[in-house]
Structures are given as structure tokens and as C-alpha cells.
Amino acid sequence: MALATAFCISFGARAATLGTGLSHSCALADAGRVKCWGANNFRQLGDATTTDRLAPVDVTALVEPVTAIAVGGNHTCGLTVAGRIQCWGFNQYGQLGDGTTAEASTAVDVVGLSSAVTSITAGRRHSCALTSAGAVKCWGSNERGQLGDGGTTDSPQPVDVVGLQSGVVAVAANGYGTCVVTSAGAAKCWGDNTYGQVGDGTTNEAHVPVEVAGLGTGVSEIATAETHACARLSDGRVKCWGVAPLGDGTQDDSFVPVDVQPPGAPVAAMSMGFSHACALASSGQVTCWGYNGVGEVGDGTYDDRYVPTLVEGLESGVTEIASSYSHTCARLQSDELRCWGSGSSGQLGNGVPPRRMQAVDVVGLKGGALAISAGSFHTCAVTTGGVAKCWGDNLRGQLGDSTHVPHWLPADVQGLDSNVESIVAGDQHTCARTNAGGALCWGSSSFGQVGGGVYGSVSYPMGVTGMESGTATLASGRGHSCAVTESGAAKCWGLNNVGQLGDGTNTTRPEPMPVSGLASGVVSIAAGYQHTCAITTLGSVKCWGSNDGGELGDGTTTSSSVPVDVVGLNAIAVAITTGASRTCVLTDAGVVKCWGAGTSAPTEVVGLGSGVAKISSGTGHTCAVNHDGGLKCWGYNQNGQLGDGTLIDREFPVDVVGLTSEVASVSAGDSTTCAITQAGVAKCWGSNGMGQLGNGEAAYAIAPQIVIGSPFSDWIFRDGFD
């Protein structure tokens, strides 16, 4: 399915000062300047470069102050105080209107406009203008008849729309079509009609304007997207048509307008995205509806909404909205801008890249972290005061706050506000040890891995059966958990399909079971995806469970439901860590040896030397802290989890940027890594799709984020924003 962009010009509303494109956004600044941010691969930011921008930058070569803007798929246009149009960006189809098809990294003039322009709009590959005489002219791509001149030939300069030489008061372009509102209050559309978005009750492509059925003459505004459109009537009601969800409470498409009822005051303005729509009430409240896979509805969830739903934090005070493919931005009365939805190219303008490849501070833990543990999509820490805090994904209750709501910042674990000594995050569950030696777990218990004899999900800490005291250490794997008691016994519970519990069976257990042959003499334990390993008091290592990649280290690839000796270690192990199919140990000589992932016997890691103090393994990467506090990582790096500022996988250890000293501990998760400095500051990097970095930012924002540098007012610029 084709992508979409959307922009609307409101009849009776102030000129558009905010716009969103496929993966970029723009806004008017003081003195008629234009600022843009996001993707810049087609020069759509107009700053004379092709560099993506995570925060707003000035558009260059504007000849005079701009009063309104229109943002298309990968191009942008501005309307000046003199009624002149300048455009910049992608121009393969002539959508810049300068008579050429050459991309422009700075603003260029639209040619062939004999009268002044009062408003502009931009679709995916075409642009349109409304003149002071009430005529509509369009230029650019015409493959679906979106220029309205009766043909399908592209035009790099404006052409007349058939039958609209006067009497038009508003125009709105969508992906491959265009709509207008006439002075009589009628709505007319043309162009692509594959999904019924022309609104005439058919799916016939329209090369000239046709009237939208069932609206009469009471239309005040029209907003369009690639597959659907909406009209605001003079009494504040809304009607939509095209592809569902249309906001009428059903999942049905409609080729003619259907009623939509946003809550609260009458609607004052609308804006459309690819599969969502938003309405601004006269009270300043914003509601959205539609698909919500990247949070484009803005209600703090990923749940699709079939009726208008309040945007979190925007219950009042909004003066303007602009939606595009998968994000929306709003301007507040204070001139502050807020955006939500996809931020994959920086289009939210909050300075946050899609991934964090270098260390960032965890908000709320600065100066106070004692221990940290990274799971698959969540992270947990213990503060110096013994408080347990978690953040990130919470689908299975793994944050332990008695909800299933994700958190972008550290949130308190229920009931663990003191006396917590250590914490371990597994795939979708978490376990903690108290100062009194009690073991508690929460989160996913699909296989009984919470250890309280229950299956399902537990969103608050639950005591592990029989381990109310006497617990020395804990470990959380993908679907199982393990512990070492103060007497040196190893116990495991949860999923046991390949013998990872080590009790000689393949029976899943919802409560702790003794590991065969390890009733004493164990000092530490580590749980991987489907295998487990332990260090004995003699410094030897034993492993059990899956062995497809040689992760048991016994020289074979045969799985075992009871512990087997790791062979060829030839050293005393003092620490152990397990990943998806890999195991690593730290020896008493400060050397790291690993096995698994195709190697069934221990091999020394090259490039670390003999000064390692701490180690931790994630799904496919491992990190080590040396005695000087320097941190190095190696392995998979597709989400920047190595922290070296790249996305390049590394066979050998590389330095983590900014953490070459003063690191106290490290925890490697699925594709996220976290460390605690000697000053107690927690820092994380890598994947952040569920907020697991804990800095309040994410690749996708499911609620409004403040755009860096807004509000766009004089004092901001004097203060050095630009």
C-alpha cells in the first residue's frame, strides 16, 4: 500500500503555521522564518544540505517573510506576505512548480501564477494554490488526475483545475488527490478514488472535480489523507469517508460520508494522517482516532481507536494541529509545539534519534543507582536507598507497579520501596532479593517463572515459594528463573522444555526445584534463554539445558537435563554470564573466556587482556568492565547496543563512547545495555522502542513530546536556539 501525507487549509481559520510530511515537519518561526526538522534525504528541510535534523533548522533562500506553509510527502512550500510561493525538496514530478524536475535544497519560486495566492496545500507529489480570485491551480504529479485538469500528464508548473476558476474558499491536497470547499459551502474532490476517498459513492478515478455526496452546502472545512477524508460542517459536526477506521465506531469502509462525534465542544479544525485522524475542538482539546501502531492516536497506548479519543496531555490550550503519515503535531496557545507518533526520522523534533547508540542518563536515577539489570524490553534498578524501580515494556506486568502500562521513566515497584539488595530482569519477568534474603518475582509467568505456583501474568512482586529467606543470588532467563541459597544449593523453576531447570526432567515447574547434584557447593548462577550455568566453590563451571550452539561447554552439542562439566576451562571461574546461546566466565586472573554460538569449548576473548573485573551478556552481545572502570563490548550491534557510536557488529571488544573509565557495573539485555558509574549514575544505550533506556524518550512517542527549541517566539531565538 502506498504511503500518505496530509495537510489541510481551514476555511475561516488562521493561515497554517505548522505542517507534517512523510518523515519531516515544519513550522513558522518569528519574523516569517520557516524551521524544519526530520528526514532530509530529498532536501525537504530546505537548509541547503541533505543532513537529517533531530531538531528544527532554518530554511534558507526565502526572499520575504512567510505567512503560511504546506508540507507534502518529501517537499515543502511557503506562502509569502506578497502572495508569492516558494518550494523546496523532492521534485521528480515537478511538485516544486519552478518549471523543472530538479531537487532544490533551498527555496525556489513557483512560476506561472498571474495573481496573488491566498493559501497553499501539498500532497504526496503535487501542490495546489488558491488565488485571490478564488481559482485553484495545481502542479506536479498527475498520475491519478490529482491536478484536476482533465488529464493524467504531470506538470512542473501550475495548471488550471477544470471548473474552478472562481468561487473556492479552501483547498486541501492528499496523497494522490485534492479537495476544495466552495463559497456556497459545497465540497468537491478529484484524483485517486481507489478507497472511495473522493466521496461520490463510487471508486471511479476522477480527473475533474466531483461533488462529495450527502454534505449539501454546510461545509466549513475539509481535511484529506491518501485513503480517507473528513469534512467539518458549519455546526461543528464531522463526517468522514474512505477507509476505516473512520471514527464512527465501526471497522467499515464507506464511499460516502458517515457521522463522527468527537467528545466535548464543537470541532474547530481537523487534520488527517495515513490511518488516523485528529480533531481540534473550539475549547482547545485534541482528539484522535484510527490505527495506533506507533502511538499516532496519542492516548498513551498502542490500541487502535474506532471513536475519537482524547490525546494525553492535550485536553485544552491547543490552537492548531497538523497530521501526516504516522505522526501529529500541535501548537499550544503558548506557541509551544508538541508532537506524537512515529519519530523514526526525527520528525517529532525532540532531538531524539531512532536509536541510542551512546550512553544517555536514566532520568530519576542520577546519582542514586546501586544495581541495574536489562531485560529484553525493560530495565530495572535498585537505588542506594534500596528502592526497586523499573521502566520500559510492561505488557506482562514486568515493571511490577500493578499495571500493564509501559513507562518511559523509572517507576517504583509496588511494595519494594526499601531493603532491596539486588534485581535481575529476564525476558518478560523480573526477580529481586531483599536484604533479608527473600526472593520475589513478577511479570510473565506463562511457564511458572515467577515461582509462586501460578501461571499467567503477575503485575506486582510475589514471594517465591519456599524462598522467603536464605536466598543468596538470583538469575532470570527467558522463561525460567534460578537461585542459589545461602547454604550453596541451586534451585530453578519455570520452563523446562530442554532441561534448563537441571532436575533431570523436561517438566515445567511453577515452584523451585533442586538442581540435580547441586544441593551444595554453588556460589553463583546465570540463566540464559534455554540453558543455565553455575560456578562451584572450587571455581569449576557446570551447565545444563539446551546445547545446540555448544553453550554448555562440554565439547558437544547434546542438550542435558542435568549439570555437565565445562571442559578445557583450565582456570578458576569467579563470575559467569549467559546470553541466548553463549556463556562467558571471568577467571581469577581477570581473563574472559566464552563458548557457545558454534563453539563448544571455552575460548579466550581477544582484546581484553587480564584486567577485567565485571562481565555481562545479552542476547547476542557481551560487555566487560576492566579494573580501571573502562567498558568494552562486542557482538551484535544492530540497535547500537555496543555503544561505540555505530551499528556495526564487532567480533572483538570495542570501547563504549564516553565510558572509558569510572564504570562500576554493566548489564547487557536483548538489544539494550546499561551501566552504573562509580558515582552511582545509571546510563543506558541501544534499542529504545519501549522506553527501556529510561530517559523519557523513545524512537516512537505514544504521547506528546515537547519539540526542542519551542515555543517559536522571539525570546527563544535571542536566547541562542539558532
Side-chain angles (χ1 to χ4, degrees), residues 7-13 15-16 67-68 70 72 77-80 82-87 93-99 109-123 125-174 176-193 197-200 204-213 215-224 229 231 234:
F7 197 82
C8 67
I9 300 295
S10 229
F11 174 48
T67 60
C77 295
L79 174 62
T80 74
R84 179 179 181 177
I85 302 176
Q86 290 192 287
C87 299
Y93 305 92
Q95 57 264 52
L96 300 189
D98 66 342
D109 288 327
V110 175
V111 300
L113 291 173
S114 57
S115 59
V117 173
T118 59
S119 68
I120 54 174
T121 184
R125 297 170 176 171
H126 75 294
S127 310
C128 295
L130 175 62
T131 72
S132 56
V136 179
K137 294 176 179 285
C138 297
W139 58 95
S141 174
N142 200 23
E143 60 191 287
R144 301 295 178 85
Q146 58 263 50
L147 300 189
D149 65 347
T152 56
T153 302
D154 298 348
S155 176
Q157 60 186 40
V159 296
D160 290 328
V161 176
V162 173
L164 295 181
Q165 279 71 53
S166 64
V168 176
V169 295
V171 60
N174 59 48
Y176 298 95
T178 314
C179 293
V180 298
V181 177
T182 70
S183 56
K188 295 186 177 186
C189 297
W190 62 94
D192 183 28
N193 198 26
Q197 61 267 47
V198 166
D200 65 344
N204 300 324
E205 194 167 275
H207 298 167
V208 296
V210 297
E211 191 160 336
V212 178
L215 291 181
T217 57
V219 180
S220 291
E221 178 190 5
I222 195 162
T224 63
S234 56

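The shown structure was predicted, so the numbers you read here are calculated from the model rather than taken from an experiment. Any value given below was found using the heavy atoms of this structure, including those in side chains, with hydrogens, waters and symmetry copies removed.
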Exercise. Could you point out which residue of V136, V219, V161 forms a side-chain contact (heavy atoms from CB on, under 4.5 Å) with V180?
Key: V136
Quiz prompt | S119 and its side-chain contact (heavy atoms from CB on, under 4.5 Å) partner, picked from T67, V169, L130 | solution = L130
With sequence neighbours left out, write down each residue that passes side-chain hydrogen bond (donor to acceptor under 3.5 Å, both in side chains) with [X], or none if nothing qualifies.
X    : result
T80  : E64
N142 : D149
N204 : none
Q157 : none

Can you name the nearest heavy-atom pair linking [X] to [Y], along with the distance?
X    : Y    : result
G150 : V208 : CA-CG1, 3.7 Å
A173 : G123 : CB-N, 3.4 Å
P209 : L164 : CG-CD1, 3.7 Å
P158 : G97  : CD-O, 4.3 Å
V110 : C87  : CG2-SG, 3.7 Å

Quiz item: If you measure only the distance, is there a donor-acceptor pair under 3.5 Å linking the side chains of T178 and H126?
Solution: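 Their side chains do contain a donor-acceptor pair, which is all the 3.5 Å distance test asks for.
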Quiz item: For Q86 and D109, does a side-chain donor sit closer than 3.5 Å to a side-chain acceptor?
Solution: yes
Quiz item: Who passes salt bridge (charged side-chain N to carboxylate O under 4.0 Å, His left out) against E211, sequence neighbours left out?
Solution: none
Practice problem: List in chain and number order the residues that pass salt bridge (charged side-chain N to carboxylate O under 4.0 Å, His left out) with D192, two or more places apart in sequence or in another chain; answer none if no residue qualifies. | Solution: R144
Who are the side-chain contact (heavy atoms from CB on, under 4.5 Å) partners of [X], not counting sequence neighbours?
X    : result
S115 : T131, S132
E143 : R125, S141, Q146, Y176
A129 : I85, V117, I120, W139
C179 : C189, I222, T224

Distance, nearest 0.5 Å, that separates [atom1] of [X] from [atom2] of [Y]:
X    : Y    : atom1 : atom2 : result
D160 : L147 : CG    : CG    : 11.5 Å
S234 : E221 : OG    : CD    : 12.5 Å
Q95  : D154 : CD    : CG    : 9.0 Å
T118 : L79  : OG1   : CG    : 7.5 Å

Quiz prompt | Contact list for residues 111-121, test salt bridge (charged side-chain N to carboxylate O under 4.0 Å, His left out), sequence neighbours left out | solution =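 Output for this query is empty, none listed.
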Quiz item: If you count the non-hydrogen atoms of other residues, nucleotides and ligands that lie under 6.0 Å from NZ in K137, is the total more than 12?
Solution: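 Counting other residues, nucleotides and ligands, NZ of K137 exceeds 12 neighbours.
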